[in-house]
Amino acid sequence: MSEAIKTDVLIVGAGPCGLFAVFELGLLDIKVHLVDILDKVGGQCAELYPEKPIYDIPGIPMITGQGLTESLMEQIKPFNPQFHLNEMVESVEKIGDPGFRVTTDGGKVFECTVLVVAAGGGSFQPKRPPVPGVEAFEGKSVHYAVRKMEDFRGKDILIVGGGDSALDWTLNLNPICKSMTLVHRRDEFRGAPHSVEQMRQLVASGKLDLKIGQITELQGANGQLEGATIKLNDNSISQIKCDAMLPFFGLTMKLGPVANWGLQLENNLIPVDTGTFETNVPGIFAIGDINTYPGKLKLILSGFHEGALMAQKAVKYVYPEKRVVFQYTTSSTNLQKKLGVN
């Protein structure tokens, strides 16, 4: 177990609500770390609809999911939040009143005074490929995310998929692997055109073997992959050698380990107090789509409101002896100084 990272607040989820919560907490001099299972910030906005227009952000007639994410990141820059991506929170242990020890699947340990769950509908989890017996290799030679590129150096890599993730890792891992095979069910790719072009250049130069078909069987023992059988679109069979497989079949939303954190649940959502957005566990808050209360609307603007009220209660836990006077950014020179406003 690694040495604990200490912070005032740990936010689980780096979507728009989690990002705006950083702003509200930062105005109150509260240090924040954020954990997200995705490999980038922005949550559903960045992962599911980065280019899809959003029309109901107050004061902004239209903005894309990616544009909103970028604006929020610019807004919270003065507070220097620390991000831990590709990490899923597995356990939450109470160590204070309040105080929590939080452990991720990547082995990181956090100790925080306040925990904020801003995980949307839960955690995005990778879809398992429809290959018999793939479970036996997961975690050892079948990986749904790349945590450390060095782990793949000198390996015979099999990448499956046709979207941005599959193409990005094809391009990034190609220089360090021993060999690489990319498998997709058709010779059309959903990724960025520039990435598709670079991938085809690797094929033309002999640095990448592109197979159009589907994986039907995996070979290996004791969790270690040795090869795979591919049924090509012309119905022929191809056998390839591989000792690492990266399937990118998209993501699905699941409540995940949140269900085991000791929080009261209601239809897979977390009930909260509407004055503070605190859960049944003092010091743990839930904002955004993952919470529920009478009249709840699953809107980004609602999550922003929830983050603002959450911060007003969180500061009482982080600075119990401090008298907090509510201030407006429009008139407070103190807040403007924190934001770097001249």
Side-chain angles (χ1 to χ4, degrees), residues 3-36 75-76 78-84 87 89-104 108-120 257-258 260-265 269-293 296 302-329 332 334-335 338-339:
E3 185 176 346
I5 299 167
K6 298 182 186 296
T7 183
D8 296 330
V9 173
L10 180 69
I11 298 177
V12 181
C17 297
L19 296 179
F20 187 68
V22 172
F23 180 82
E24 292 294 329
L25 292 164
L27 292 176
L28 297 167
D29 297 318
I30 296 174
K31 298 190 297 295
V32 178
H33 284 242
L34 301 94
V35 172
D36 200 294
Q75 188 177 33
I76 64 177
F79 304 118
N80 192 32
Q82 302 299 302
F83 292 91
H84 306 267
E87 300 270 352
V89 171
E90 286 199 324
S91 66
V92 175
E93 175 190 356
K94 186 173 169 60
I95 58 171
D97 192 24
F100 306 94
R101 180 177 292 113
V102 179
T103 306
T104 72
K108 284 189 178 178
V109 180
F110 299 87
E111 290 184 357
C112 58
T113 304
V114 167
L115 180 65
V116 178
V117 185
V258 176
N260 303 318
W261 296 354
L263 300 175
Q264 180 184 344
L265 295 177
L269 296 171
I270 305 172
V272 291
D273 171 78
T274 54
T276 62
F277 298 94
E278 197 164 16
T279 70
N280 64 303
V281 179
I284 300 184
F285 299 79
I287 61 174
D289 286 358
I290 200 162
N291 75 14
T292 184
Y293 52 87
K296 167 72 178 185
S302 299
F304 289 169
H305 157 77
E306 294 161 11
L309 292 190
M310 171 277 296
Q312 296 301 310
K313 178 65 181 291
V315 71
K316 295 177 182 178
Y317 287 132
V318 176
Y319 299 115
E321 306 300 323
K322 186 176 179 181
R323 179 172 175 267
V324 178
V325 178
F326 183 77
Q327 303 174 76
Y328 295 98
T329 56
S332 168
N334 178 42
L335 295 185
K338 294 176 185 178
L339 295 172

Stepwise side chain to side chain contact (heavy atoms under 4.5 Å, CB included) test for V324 and K316: CA-CA 8 Å; V324 178; K316 295 177 182 178; 5.9 Å; no
Any donor-acceptor pair under 3.5 Å from [X] side chain to [Y] backbone:
X    : Y    : result
T113 : G99  : no
N280 : Q264 : yes
K94  : G96  : yes
E321 : Y319 : no
E24  : M310 : no
S332 : L335 : yes
E306 : G288 : yes
N291 : I270 : no

Any [X] side-chain heavy atom under 4.5 Å of [Y] side chain:
X    : Y    : value
V258 : N260 : no
L34  : V22  : yes
V117 : I284 : yes
K313 : L309 : no
T292 : P271 : yes

Working for side chain to side chain contact (heavy atoms under 4.5 Å, CB included), residues T103 and V92: CA-CA 7 Å; T103 306; V92 175; over 6 Å; no
So which heavy atom on [X] is nearest to which on [Y], and how close?
X    : Y    : value
E278 : Y317 : OE2-OH, 2.6 Å
D289 : L269 : O-CD2, 3.5 Å
L19  : A14  : CG-O, 3.7 Å
R101 : I95  : NH1-CG2, 3.4 Å
I287 : I290 : O-CG2, 3.9 Å
G283 : P98  : CA-CB, 3.8 Å

Going from [atom1] on [X] to [atom2] on [Y], what distance comes out if it is rounded to the nearest 0.5 angstrom?
X    : Y    : atom1 : atom2 : value
T329 : N334 : OG1   : CG    : 12.0 Å
L10  : E111 : CG    : CD    : 11.5 Å
F79  : L27  : CZ    : CG    : 4.5 Å
L115 : F285 : CG    : CZ    : 10.0 Å
T104 : I5   : OG1   : CD1   : 8.5 Å

Stepwise side chain to side chain contact (heavy atoms under 4.5 Å, CB included) test for V114 and F100: CA-CA 7 Å; V114 167; F100 306 94; 5.9 Å; no
Stepwise salt bridge (charged side-chain N to carboxylate O under 4.0 Å, His left out) test for K338 and D29: CA-CA 9 Å; K338 294 176 185 178; D29 297 318; 3.1 Å; yes
Test log, rule side chain to side chain contact (heavy atoms under 4.5 Å, CB included), inputs V32 and I11: CA-CA 7 Å; V32 178; I11 298 177; 3.6 Å; yes
Whether F20 and F304 hold their rings parallel, tilted or perpendicular, with breakpoints at 30° and 60°: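 The arrangement is tilted - the two ring planes meet at 30° to 60°.
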Validation row, ring centre H33 to ring centre F83 under 6.0 Å: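 No.
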K6, H84, E87 screened by side-chain contact (heavy atoms from CB on, under 4.5 Å) with F110, the one that passes: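 For F110, the side-chain contact (heavy atoms from CB on, under 4.5 Å) check succeeds only for H84.
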